[in-house]
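Have a look at the structure below before the remarks.
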Amino acid sequence: MGDDGRPAGFSISRSEPVTTSAVLPTYARADLAFERGEGAWLVATDGRRFLDFAAGIAVCAFGHAHPYLVKALTEQAGKLWHTSNMFRIPGQELLARRLADASFADYVFFTNSGAEAVECAIKTARKYHVATGNPERWRIIGFHDAFHGRTLATIAAAGQKKLLEGFGPPVEGFDHVPFGDLDALKAAISHETAAILFEPIQGEGGINPLSDETMRAIRQLCDDNGILLILDEVQCGMGRTGKLFAHEWAGVAPDILATAKGIGGGFPLGACLASEKAAVGMNAGTHGSTYGGNPLAMAVGNAVLDLLLEPGFLDRVNAAASSLRQSLAMIVDSHPGLVEGVRGRGLMLGLKVRDGIENKRLLVAMRAAGLIGVGGGDNTVRLLPPLNITEEDVAACARLLDTACAALSAELKAEAKAAS
Ligand SMILES: *Cc1c(COP(=O)(O)O)cnc(C)c1O
């Protein structure tokens with residue numbers, strides 16, 4: 001063993017490329033790997049630079065290698081990584097207190113992922129009705145095209161055939177109605193309904209925002225029927241829309257909320273927030289996670305929240321958002337044959353690609369130009385940049401996107417000509 005604890009017989013760099021991948025092939029990956037990141041930019045292993053408007057799918061809220069986050073992580077790494085939840089974790093108590101103070105919530109449960117945060121939300125809602133004497137209320141209503149994660153319960157909660165197929169009978173207790181359809185929602189409510197669960201802005205579904213008005217109407221519907229409102233803000237929460245949580249725009253609060261993605265800035269972290277009322281059934285022994293909320297995650301989570309709650313920060317997100325939106329509107333104007341509109345809120349924006357042109361083609365053209373985005377449902381390209389992007393980053397995005405659209409238009413024109 002060397003002085004640095006390195007086991008004998010291993011080189012530190014392991015630079016030999018792996019020729020046959022042993023990674024379970026569940027992802028359709030782009031043939032591109034990165035070596036490092038600097039703010040909103042990624043540097044590929046071959047040296048090319050890319051403007052990262054995917055941010056690891058809305059995860060790297062402060063871009064790459066933010067010095068304050070690097071410091072928080074490395075300082076904690078030298079002290080203590082993990083103790084388990086058999087003991088008090090001061091960083092966890094601090095982050096929970098701060099999240100509760102900044103939101104509707106009274107209690108927070110920490111997880112390692114979005115799906116686990118949604119799982120906790122589902123369990124909390126079902127347990128609430130048991131604890132309050134209505135065990136027959138256990139069903140949850142959601143919307144079509146939803147995405148809540150890849151565990152057995154969260155794929156059932158989303159209800160999409162493409163997520164459920166091949167994995168046996170779906171977990172029971174989930175009903176679905178068209179996105180934002182109030183009448184269908186009312187009709188679906190029964191004496192067994194425990195909660196309504198949805199994303200205020202559908203992410204994977206293709207950036208579909210629910211109107212503030214509908215959000216308020218659903219809150220009312222829940223109140224009138226003794227139903228809990230669960231929001232999945234795994235993607236749209238943590239400052240993404242220009243407020244700490246997206247539902248704040250509508251001026252109403254949920255009973256339970258799942259969040260993740262941006263909350264750890266790239267460190268695996270999620271959280272389930274609940275009001276005191278909704279959390280009534282979740283006492284000692286009802287739920288747990290070995291890793292959830294460990295000291296390493298909490299050091300990063302608290303540092304992310306420091307940046308997010310810094311006075312004026314969300315104003316800067318909103319300013320960057322309106323300038324990005326304007327730039328995207330100009331792209332739509334310049335390339336009407338390719339993209340037909342912009343939608344979303346804050347820095348959670350989607351470009352709707354014209355039907356008949358696969359959104360993947362625009363993503364490929366963007367990558368060739370040096371810009372990274374994310375595909376979404378309904379033939380959209382999602383732009384989910386770091387929340388701390390600068391005016392220069394926005395201008396660079398507009399420039400690269402324009403190049404990509406021009407290149408793709410030329411390609412499509414050439415194809416059409418060759419076919420005729
Ligand atoms: C990403 C996402 C999830 C799942 O998060 P994981 O960390 O992948 O488990 C759940 N809900 C929404 C809205 C998401 O965007």
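Remember, it's 1-based here, ligands and their atoms both numbered in the order they're listed.
Remark: the backbone N or O of G242 is not paired with any side-chain donor or acceptor of R345 at under 3.5 angstrom. Without hydrogens or angle criteria, E192 side chain to R139 main chain gives no donor-acceptor distance under 3.5 Å.
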Please produce the table of protein N or O atoms sitting under 3.5 Å from N or O atoms belonging to ligand 1, one pair a line, distance to 0.1 Å.
| from | atom 1 | to | atom 2 | distance (Å) |
| --- | --- | --- | --- | --- |
| ligand 1 | 7 (O) | G114 | N | 2.8 |
| ligand 1 | 9 (O) | G114 | N | 3.4 |
| ligand 1 | 9 (O) | A115 | N | 2.7 |
| ligand 1 | 11 (N) | F147 | O | 3.3 |
| ligand 1 | 11 (N) | D232 | OD1 | 3.3 |
| ligand 1 | 11 (N) | D232 | OD2 | 2.7 |
| ligand 1 | 15 (O) | Q235 | NE2 | 2.8 |
| ligand 1 | 15 (O) | K261 | NZ | 2.6 |

- Query: Which is it for F147 and F198 under the ring-ring contact (aromatic ring centres under 6.0 Å, His included) test, yes or no, and what are the steps along the way?
  - Reply: CA-CA 9 Å; F147 183 79; F198 61 91; over 10 Å; no

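Ring orientation note: the planes of Y68 and H66 are nearly perpendicular, at an angle over 60° on the 30°/60° scale.
Comment: E340 engages R354 in a salt bridge, judged by a side-chain N to carboxylate O separation of less than 4.0 angstrom.
In this structure, CD in E204 is found 8.0 Å from CD in E199, a value given to the nearest 0.5 Å.
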